[in-house]
Asker: 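Okay, here's the structure, questions in a sec.
In this text the structure is predicted, and so the values were computed from the model without any measurement. Numbers restart at 1 for each chain; the letters A, B, ... are given by sequence-line order, proteins then strands. Every heavy atom of this structure was used, including side-chain atoms; hydrogens, water molecules and symmetry mates were not.
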There are 2 protein chains.
Amino acid sequence: MNLQEGREKFIQTWGTLGSNWGINRTMAQIHALLLISPEALSAEDIMEQLKISRGNTNMNVRALMDWGLVFKELKAGERREFFYAEKDMWKVAMQVVKERRKRELEPLFGTMTDLKKVKDASAEGQQFESTIANLDSVIAKADKTLDLLVKADESWFMNNFLKLMMK
Amino acid sequence: MNLQEGREKFIQTWGTLGSNWGINRTMAQIHALLLISPEALSAEDIMEQLKISRGNTNMNVRALMDWGLVFKELKAGERREFFYAEKDMWKVAMQVVKERRKRELEPLFGTMTDLKKVKDASAEGQQFESTIANLDSVIAKADKTLDLLVKADESWFMNNFLKLMMK
DNA sequence: TTTTTCTTTCAAAAAGTATTGAAAGTTTTA
DNA sequence: TAAAACTTTCAATACTTTTTGAAAGAAAAA
């Protein structure tokens, strides 16, 4: 497998992986392309390399910036914008965890609070209450663990401790 | 919010959550319904409660069984099949982790092995090699961590240790 | 064996999601 | 100010995924 084939395979694999996890395939492909590009790319570059339209490129590059995975670079004497990706994959993983926690876990807390208020003496009510209480405790645990993981990334000690644990 | 409203809200929330994570919405809704049902339900029950077709019900119940989240129950003197869900949400989470690891991480290893073979002296080649090597190490770390987590579930000591850590 | 009851399959239709490309918007340059 | 160079928007279109329902299959009952 030569470089060109490798690049294509990586872009396609990352795209498939993304769509398995509820992330737009093109968004993941642009991310992959930027991850393996040594220099920041313009919208035009991305359009050409992935053979996608201008609109599609623009939308997905912005989404990637929203996720905190891609940044703009302003080149002196250049009018157009260039984009580059965070390339430290541990940081990428932490950023994704952080964002999904914010976007999905946080709204869930509100819903769980509402659902925990339901009271009903029937068998169905009992099962409902018990499932909700149990789920709530698992969600709370997951949240604490993810928080610990993300914070570890910002603390030298925990960072090393975790890396040791995962050896 | 009364029981009926709570049940509907839970089913809808679980469905949305599932589809955010690349899981068929209906599959997640059937799972939610079974999670809050004290008794095992027949295909007919599921069809009625979620207002979906027989084919859809059958396909998604089977998918849930494939995931190891739902089981068949044979009732004495009853011809049709009944279905119930594992209700311990910690076990549910572990089962999902286990399955996704098997379905997605394992095939990834093969691809990474191929991609690691690419050698190219150009700047693009250098960035490609470095991104792939870094990604490979993060994936390997994640895999070890998930393995630890799943195994912990089966070990009394690690189970208690982890629960303590996540306090 | 035939009928009944239930499960499974799958092609067609519907619903949902992503993509295009042209037009409008914005910023810089002349 | 006007033109040029680029970015953003969005309605129409294309594509993907899900759902339906009728038919076929299977197992139990008559």
Asker: Ignoring backbone atoms, test whether Asn24(A) places a side-chain nitrogen or oxygen under 4.0 Å from the OP1 or OP2 oxygen of dT19(C).
Answerer: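 Yes, such a contact exists.
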Asker: Without swapping roles, check the side chain of Glu104(A) against the backbone of Leu17(B) for a donor-acceptor pair under 3.5 Å.
Answerer: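 Side chain of Glu104(A) to backbone of Leu17(B), a donor-acceptor pair under 3.5 Å: no, none is there.
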Asker: How close or far is atom P of dT7(C) from atom CG of Asp45(B), stated in whole angstroms?
Answerer: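 Rounded to the whole Å, the gap is 11 Å.
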Asker: What integer distance in Å separates Asn60(A):CG from dA18(C):P?
Answerer: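 After rounding, the gap between these two atoms is 9 Å.
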Asker: Hydrogens and angles aside, do Thr131(B) and Asn134(B) bring a side-chain donor and acceptor to less than 3.5 Å of each other?
Answerer: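 No, Asn134(B) and Thr131(B) have no side-chain donor paired with an acceptor closer than 3.5 Å.
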Asker: Please state how far atom CG in Asn56(B) lies from atom C1' in dT8(C), giving the value in whole angstrom units.
Answerer: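 Asn56(B) atom CG is separated from dT8(C) atom C1' by 13 Å.
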Asker: Whole angstroms only, please: what is the CE-P distance between Met59(B) and dT9(C)?
Answerer: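 Spelled out: CE on Met59(B) to P on dT9(C) is 9 Å.
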Asker: Rounded to the Å, how far apart are Leu74(A) CG and dA5(D) C1'?
Answerer: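 Atom CG in Leu74(A) sits about 16 Å away from atom C1' in dA5(D).
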Asker: Any side-chain N or O of Arg54(A) under 4.0 Å from OP1/OP2 of dC6(D)?
Answerer: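 No, outside the criterion.
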Asker: Distance check needed: dT5(C) C1' versus Phe82(B) CZ, whole Å only.
Answerer: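 Result: 13 Å.
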Asker: Using a cut-off of strictly less than 4.0 Å, decide whether Arg62(B) has a side-chain nitrogen or oxygen near OP1 or OP2 of dT9(C).
Answerer: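 Yes.
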Asker: Grab the CZ-C1' distance between Arg79(A) and dA3(D) for me, whole Å please.
Answerer: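 About 10 Å, once rounded to whole Å.
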Asker: Determine yes or no for a side-chain-to-main-chain donor-acceptor pair under 3.5 angstrom, with Gln126(A) supplying the side chain and Asp120(A) the backbone.
Answerer: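 Yes; at least one donor-acceptor contact below 3.5 Å.
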Asker: May I ask you to say what Glu44(B) touches in the nucleic acid, namely base, sugar-phosphate or nothing, with a heavy-atom cut-off under 4.0 Å?
Answerer: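 Nothing, no nucleic acid heavy atom in range.
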Asker: Check for a donor-acceptor pair, side chain of Lys119(A) on one end and backbone N or O of Gly125(A) on the other, with a separation under 3.5 Å.
Answerer: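 Between the backbone of Gly125(A) and the side chain of Lys119(A) there is no qualifying donor-acceptor contact (under 3.5 Å).
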Asker: Taking CZ from Arg25(B) and P from dT19(D), how many angstroms apart are they, rounded to a whole number?
Answerer: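 Rounded to the whole Å, the gap is 6 Å.
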Asker: Under 4.0 angstrom, heavy atoms only, what part of the nucleic acid is Ser42(B) near: base, sugar-phosphate, or nothing?
Answerer: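 Nothing: the residue Ser42(B), judged by heavy atoms under 4.0 Å, touches no strand.
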Asker: Check every atom of dT8(C), dT19(C), dT18(D) against the side chain of Thr26(B) and return the nucleotide holding the closest atom.
Answerer: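 My answer, after comparing the listed nucleotides, is dT18(D).
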Asker: Would you find a donor on one side and an acceptor on the other, under 3.5 Å apart, between the side chain of Glu5(B) and the backbone of Asn2(B)?
Answerer: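 Flag set: sc Glu5(B) to bb Asn2(B) pair under 3.5 Å.
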Asker: On DNA chain D, does the nearest nucleotide to Gly55(A) precede the nearest nucleotide to Ile52(B) from the 5' side, or the other way round? Give the residue.
Answerer: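 Result: Gly55(A).
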Asker: Kindly say if Asn58(B) contacts the phosphate of dT8(C), meaning a side-chain N or O under 4.0 Å from OP1 or OP2.
Answerer: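 It does, given that an N or O in the side chain of Asn58(B) lies less than 4.0 Å from OP1 or OP2 of dT8(C).
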